[in-house]
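A quick write-up on the structure given underneath.
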Amino acid sequence: MSSFRQSQNEFLGKLPRACFELLHPHLATVEFNTGMVMVEAGTAFRRIWFPHCGVVSLVLGLDDDVAIDVGIVGRDGVIGITAVEADVARTAAIVRCPGTASAIDRDVFRHAWQQSEQLRAALTGWLWRQLGAAELNAACNAAHPIESRLCRRLLMLRDLAGSDLLPLTQQHLAQMLGVRRNSVSLAAIALRREGLLRYSRGSLQILDREGLLERACCCYTAREVAFRQQPVRPTAAPM
């Protein structure tokens, strides 16, 4: 069965058919809207989601009441995957761009994960790609200027949302980049003056993808290449 028939979600779509069939009878299609909190940090997992479209941020709260995005998930991945071994969420999952997803009860998925070595291997591969993306993001935040990081983030969001129109505020972008809102505002004004984007309150439209690509840091293409590569399954716990 080809992946696009099996599921609109890339993780589910690439599973071996026998593995997918363990999950399929228990999957339900759900909608999620901008601003919806799919799971709050510190609360028990109830479901696991596999987005078909849309974008969800994984948000970590700090002691000084600052919240930072530590990851984004779209049709390429899974939300709540740590539920297979943990009962409580470490990060909140907040919808940035609306969409739909396949959802499954946490306990049902955990049972399938225990049954299927293929499912465990697929999840290990996805988690290692996520780790690589997080490492790249940390390096990017430390080394590259805000404008190039903003261009990279907008391109990533466009890819996951499948749309040039993004329901984002400057505050959301500041949280994603881990910077102050006025820093994002200055960078966005510069991009708008060059005709690369247009924005109003709560909405941003990309007008020139190629222009953003020219100004984005090298981490955008590096992430895309690395995320598509299947990592070698580790034979021992990483140091």
Which residues share a side-chain contact (heavy atoms from CB on, under 4.5 Å) with E214, sequence neighbours left out: none
F11 and W126 aromatic ring geometry - parallel, tilted or perpendicular at 30°/60° bounds: perpendicular
Side-chain donor or acceptor of [X] paired with backbone N/O of [Y] under 3.5 Å:
X	Y	value
R120	W113	yes
N33	P98	no
R198	S203	no
R153	L177	no
Q6	L15	yes
R75	E10	no

Between atom [atom1] of [X] and atom [atom2] of [Y], what is the distance when rounded to the nearest 0.5 Å?
X	Y	atom1	atom2	result
R47	D107	CZ	CG	13.0 Å
Q175	S57	CD	OG	7.0 Å
L197	C151	CG	SG	8.0 Å
C53	E31	SG	CD	9.0 Å
Q170	R181	CD	CZ	5.5 Å
M176	L168	CE	CG	5.0 Å

Any side-chain heavy atom of [X] within less than 4.5 Å of one from [Y]?
X	Y	value
L60	I68	no
H144	R152	no
L173	L154	yes
L23	L119	yes
S102	H52	yes
L123	F109	yes
M156	V55	no
D69	R96	yes

Which atom of F45 lies closest to which atom of G80, heavy atoms considered: CE2-CA, 3.7 Å
Heavy-atom pair of closest approach, residues S7 and F20: CB-CE1, 4.3 Å
Let me check something: any side-chain donor-acceptor pairs from residues 81-92 under 3.5 Å, sequence neighbours excluded? List them with distances.
{"unit_1": "D87", "atom_1": "OD1", "unit_2": "R106", "atom_2": "NH1", "d": "3.4"}
{"unit_1": "D87", "atom_1": "OD1", "unit_2": "R110", "atom_2": "NH2", "d": "3.2"}

Flag if over 12 foreign heavy atoms under 6.0 Å of NE2, H26: yes
Qualifying residue, where the test is side-chain contact (heavy atoms from CB on, under 4.5 Å) with L212 and the options are L155, L207, L150: L155
